[in-house]
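By convention in this document, chain letters (A, B, ...) are assigned in the order of the sequence lines, proteins followed by strands, and residues within each chain are numbered from 1. Note: hydrogens, waters and symmetry copies are ignored here, and every other heavy atom, side chains too, is used. As the structure is a prediction and not an experimental result, all values here were calculated from the model.
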Number of protein chains: 2
Amino acid sequence: MPTNNQIAEVAALVGEPSRTSILLALIDGRALTASELAHAAGISPPTASEHLARLMDAELLAMEKQGRHRYFRLGSPKVASLLESMLSLVAERDATVSAIRTGPRDRDLRFARSCYDHLAGSLAVAIADRLETMEMIDLADDGGTVSEKGQAFFGDLGAELGAAGQQGRRYCRPCLDWSERRPHIAGRVGSGLMVCFLERGWVKRQTEGRVISVTRAGERAIVEHFGIDIVRLRERQDRA
Amino acid sequence: MPTNNQIAEVAALVGEPSRTSILLALIDGRALTASELAHAAGISPPTASEHLARLMDAELLAMEKQGRHRYFRLGSPKVASLLESMLSLVAERDATVSAIRTGPRDRDLRFARSCYDHLAGSLAVAIADRLETMEMIDLADDGGTVSEKGQAFFGDLGAELGAAGQQGRRYCRPCLDWSERRPHIAGRVGSGLMVCFLERGWVKRQTEGRVISVTRAGERAIVEHFGIDIVRLRERQDRA
DNA sequence: ACCATGTTTCGGTCGCCACCAAAACATTGC
DNA sequence: GCAATGTTTTGGTGGCGACCGAAACATGGT
């Protein structure tokens, strides 16, 4: 069986402390630069670069160039799922950690969380999906755009997206969600959207971690403005 | 985060070709001896012994002494699940393998398979469960027993379990199932049971692999003798 | 054009670990 | 008890790879 060595190869890549740190730093779907990852792993940029190259070779990471930065993220949802499997295993061995708390919190994390300065999770993906099919926005790696219809929509919401001319490279970018397969909205638009949600009290940050919770008012507002039913979305996620 | 190093430790253990071979050889829940594993990994007994000791330390393997042999098996279902996660990842990268074939076959494998000389999988676990609650058998690591009621039952079935006095150390042993959490029946009784099932045409071996399929006649017979509904059991498995 | 910053390549050192042979240990069967 | 078989411990060798500093390369800002 040739898969044998392939598995060993993958596991060996994951099984080096520096690389483990790198991968875990990316588990929530964010894309970080090479130097940020070097810092996260506590190693020098050259060493990090070598690790990153290896992880890329094995397709455990994906990369996109962005000026003089290189943004790395997990190569596929299966990679995230592998890491979770490991987390689950060591949690089991510990037996000190209460399995009750990680369970629900994990579900919440998958549903809505912050990813840097924008929203991520099932909810964020649903929103991106909706806005795209309504032709409000156009997500693209090299900047993306907001249509006139979209600008009016965001104006009604009171979301601050910057001047229309400002649509630079990081304006309305997709950001791959690891718990879903689809992208959510990053960039200036994603950021403005989260600020708006927070200011209007639709969502709230948890005191710790990156979990975001939807308020009662938020549930009503989101179904009104976006046509997204929070309760049904939650159910759909739980079934999956 | 201290879990970081723990994950690296686990992954590093899995990420060594010889150890990978050892773990994969055990993925179907069988328990193999040290020398069998040495042979499976293509290494000398001393080297295997060292690997096995490490895997034991990390609780990735469980061991039980049996005379001058030591039987090793996976430490918990989560270990199997981790390995599966890896298999799934490399399968994704390959893109050559048809994902269609592994899907259903995998489900069948979880439902009923051979494990050495006895049955394993959901069905086998259900049978063990049933026979134990009916007080037909008593599963125990050091041999186990078959009650008088059980002997009559197996007699009716026409299953050959050897003379009653023969109840040695490997008579009615539990064998941990990786796809379920519960044990199924190994030893003389488990073996006799599978022979009986095959002879009466209740189940059939697939031409390749360890998959066992239940025939139409088998479905009727099993619900009659064991009170186990194959269709509902399959449904329950698919939901999980 | 030049400098600043981020990233990769190069060269070389160091430590860890997989491996085996031989020997010690454990257990069964006679 | 002794011989046979399975397993682990010991000792020693060899190679791979993680690491960093220095330098080369790439890109953006001024």
Can you name the residues that form a side-chain contact (heavy atoms from CB on, under 4.5 Å) with [X], not counting sequence neighbours?
X       : value
B/Ser49 : none
A/Thr20 : A/Leu24, B/Asn4, B/Ile7, B/Ala8
B/Arg68 : none
B/Ser44 : B/Pro46, B/Thr47

For the pair B/Val79 and B/Ile27, evaluate side-chain contact (heavy atoms from CB on, under 4.5 Å) and give the outcome as yes or no after the intermediate values. CA-CA 9 Å; B/Val79 178; B/Ile27 200 174; over 6 Å; no
Would you mind reading off the distance between [X] atom [atom1] and [N] atom [atom2], rounded to a whole angstrom?
X       : N      : atom1 : atom2 : result
A/Arg70 : D/dC25 : CZ    : P     : 15 Å
B/Arg54 : D/dT8  : CZ    : P     : 15 Å
B/Glu64 : D/dT7  : CD    : P     : 13 Å
B/Arg19 : C/dC19 : CZ    : P     : 8 Å
A/Tyr71 : D/dT27 : OH    : C1'   : 14 Å
A/Ile22 : C/dT7  : CD1   : P     : 12 Å
B/Leu52 : D/dG6  : CG    : C1'   : 13 Å
B/Phe72 : D/dG6  : CZ    : C1'   : 11 Å

Listing time: all N or O pairs from protein to nucleotides 1-3 of chain C that are below 3.5 Å?
none

Expected list for residues 32-51 of chain B near DNA chain D, using heavy atoms below 4.0 Å, is B/Thr33, B/Ala34, B/Ser35, B/Pro45, B/Pro46, B/Ser49
With sequence neighbours left out, what residues match A/Glu36 under side chain to side chain donor-acceptor pair (under 3.5 Å)? A/Thr33, A/Tyr116
Could you tell me which residues satisfy side chain to side chain donor-acceptor pair (under 3.5 Å) with B/Ser147, sequence neighbours excluded, listed by chain and number? none
Angle between the end axes of the helix from C/dA1-D/dT30 to C/dC30-D/dG1, five pairs per end, to the nearest 10 degrees? 30°
Checking B/Arg70 side chain against B/Ala34 main chain: does a donor-acceptor pair fall under 3.5 Å? no
A/Ser21 (side chain) donor-acceptor with A/Pro17 (main chain) under 3.5 angstrom: yes
Residue-phosphate contact under 4.0 Å: A/Arg68 side-chain N/O, D/dC25 OP1/OP2: no
Quick one: is B/Ser18 getting a side-chain N or O under 4.0 Å of the C/dC19 phosphate, OP1 or OP2? yes
Please identify each residue that fulfils ring pair (Phe, Tyr, Trp, His ring centres under 6.0 Å) with A/Phe153, with sequence neighbours left out. A/Phe226
My understanding is that only residues two or more places apart in sequence, or in another chain, count here; which of them pass ring pair (Phe, Tyr, Trp, His ring centres under 6.0 Å) with A/His118? A/His184
